[in-house]
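What follows is a short report on a single structure.
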Amino acid sequence: MNRTAEKEPVWDPGSEETLEEFLRRLRPRLRLLLRNCRVPPQDAEDVLQETLADAFGRWDTIRHKEAWLIGTLRYKCYVYWKKTQDDLLEPVDPPVLEGLSPARPPDQVREEVLCDLRSLTRGLDKRHRAVLWLRYGLGLSSDEVAERLGYCSSSIRKLALRSMARLQKRVGS
């Protein structure tokens with residue numbers, strides 16, 4: 001029996017190669033291209049299947065099938081990475097963004113508050129002024145204020161409350 005009679009139908013009228021042989025011959029180049037484009041193995045099969053589906057959809061119109069497959073696979077890899085990048089940059093809802101980063105007043109408002117804090121604390125003694133400035137002027141935590149002033153962190157809260165009471169008493173009179 002003739003060996004050529006057992007082969008599948010020829011995929012290209014001008015070629016003796018079957019479609020299966022064509023894909024087997026092209027497989028190493030396609031794998032290398034996917035590897036060079038750094039498409040993860042779990043997605044590489046999908047990208048290749050998309051390429052082959054596009055090819056078979058217009059098979060009769062493609063003149064140079066091997067070059068077309070390589071070029072289209074390269075383009076599909078580009079589209080894959082572009083889509084992956086776009087997915088990472090997908091917009092986030094404004095409420096989520098606000099939750100991640102609290103609103104910050106404009107610099108002018110902050111400067112006005114600091115100026116008011118300076119003028120209001122002028123009449124207080126040094127330690128009360130320092131606690132209020134570090135805590136509310138610079139925005140340090142109680143632990144950071146305690147570390148800078150050499151106090152116990154549990155006493156800073158009480159000292160800050162006493163300082164605020166003295167400040168309110170001065171402003172109220």
Side-chain angles (χ1 to χ4, degrees), residues 23 26-58 68-173:
L23 291 175
L26 209 54
R27 176 180 281 154
R29 288 186 66 191
L30 298 175
R31 281 186 176 166
L32 181 64
L33 177 62
L34 288 166
R35 195 175 19 226
N36 287 343
C37 290
R38 295 185 179 160
V39 176
Q42 63 270 18
D43 296 330
E45 185 68 29
D46 294 338
V47 173
L48 182 58
Q49 284 181 7
E50 276 182 41
T51 303
L52 291 174
D54 286 352
F56 294 134
R58 50 186 96 167
W68 191 94
L69 276 173
I70 298 291
T72 303
L73 183 60
R74 185 174 288 124
Y75 175 74
K76 293 285 185 180
C77 290
Y78 166 77
V79 170
Y80 167 82
W81 283 113
K82 182 75 173 146
K83 182 180 180 301
T84 303
Q85 183 181 17
D86 289 346
D87 289 348
L88 293 176
L89 299 176
E90 188 174 295
V92 180
D93 292 334
V96 173
L97 285 177
E98 288 175 12
L100 293 174
S101 175
R104 187 175 159 223
D107 290 338
Q108 182 181 3
V109 172
R110 174 118 173 101
E111 288 299 319
E112 290 173 1
V113 168
L114 293 177
C115 184
D116 291 342
L117 183 62
R118 272 189 216 103
S119 65
L120 289 172
T121 58
R122 276 196 185 111
L124 295 177
D125 64 44
K126 186 177 180 179
R127 73 182 183 142
H128 291 288
R129 192 169 50 245
V131 167
L132 289 175
W133 181 255
L134 291 172
R135 185 76 177 103
Y136 302 106
L138 298 179
L140 300 179
S141 68
S142 296
D143 292 336
E144 292 170 326
V145 172
E147 184 180 320
R148 288 206 180 173
L149 296 178
Y151 288 104
C152 177
S153 61
S154 61
S155 65
I156 290 297
R157 184 170 179 258
K158 290 179 187 177
L159 183 59
L161 288 173
R162 280 196 307 261
S163 300
M164 288 297 289
R166 288 185 182 184
L167 187 61
Q168 287 175 347
K169 188 176 177 182
R170 281 192 72 240
V171 173
S173 47

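Distance check: L120 CG to R129 CZ gives 12.5 Å after rounding to the nearest 0.5 Å. Residue L26 holds its CG atom at 12.0 Å from CZ of R31, rounded to the nearest 0.5 Å. Distance check, rounded to the nearest 0.5 Å: SG of C77 to CZ of R38 gives 12.5 Å. The structure places CG of L69 at 12.0 Å from CZ of R74, a figure rounded to the nearest 0.5 Å. A distance of 10.5 Å separates CZ of R122 from CG of L117, quoted to the nearest 0.5 Å. Residue L73 holds its CG atom at 4.5 Å from CG of L33, rounded to the nearest 0.5 Å.
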Extract all donor-acceptor atom pairs below 3.5 Å that involve side chains of residues 134-144 and protein atoms in other chains or at least two apart in sequence.
residue, atom, partner, partner atom, Å
R135, NH1, L140, O, 2.7
S141, OG, E144, N, 3.3
S141, OG, E144, OE1, 3.4
E144, OE1, S141, N, 2.8

Which donor-acceptor pairs under 3.5 Å do side chains of residues 149-159 form with protein atoms, sequence neighbours excluded?
residue, atom, partner, partner atom, Å
S155, OG, C152, O, 2.8

All N/O donor-acceptor pairs, side-chain side in residues 46-56, below 3.5 Å, sequence neighbours left out:
residue, atom, partner, partner atom, Å
Q49, NE2, E45, OE2, 3.3
T51, OG1, V47, O, 3.0
D54, OD2, K76, NZ, 2.7

Step-by-step side-chain contact (heavy atoms from CB on, under 4.5 Å) determination, T121 to H128: CA-CA 8 Å; T121 58; H128 291 288; over 6 Å; no
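For D116, the side chain to side chain contact (heavy atoms under 4.5 Å, CB included) criterion is met by no residue, not counting sequence neighbours. Applying the side chain to side chain contact (heavy atoms under 4.5 Å, CB included) test to P40 and every residue at least two apart in sequence or in another chain returns Q42, D43, Y80, W81. Shown here are the side chain to side chain contact (heavy atoms under 4.5 Å, CB included) partners of R35, two or more places apart in sequence or in another chain: L32.
By the 6.0 Å contact criterion, CZ on R29 is open, its count of non-hydrogen atoms from other residues, nucleotides or ligands being 12 or less. The environment of CZ in R148 is sparse: at most 12 heavy-atom neighbours from other residues, nucleotides or ligands sit within 6.0 Å. Counting heavy atoms of neighbouring residues, nucleotides and ligands inside a 6.0 Å radius, atom CD of E112 exceeds 12 of them.
Closest approach of A160 to L132, counting heavy atoms only: O-CD2, 4.3 Å.
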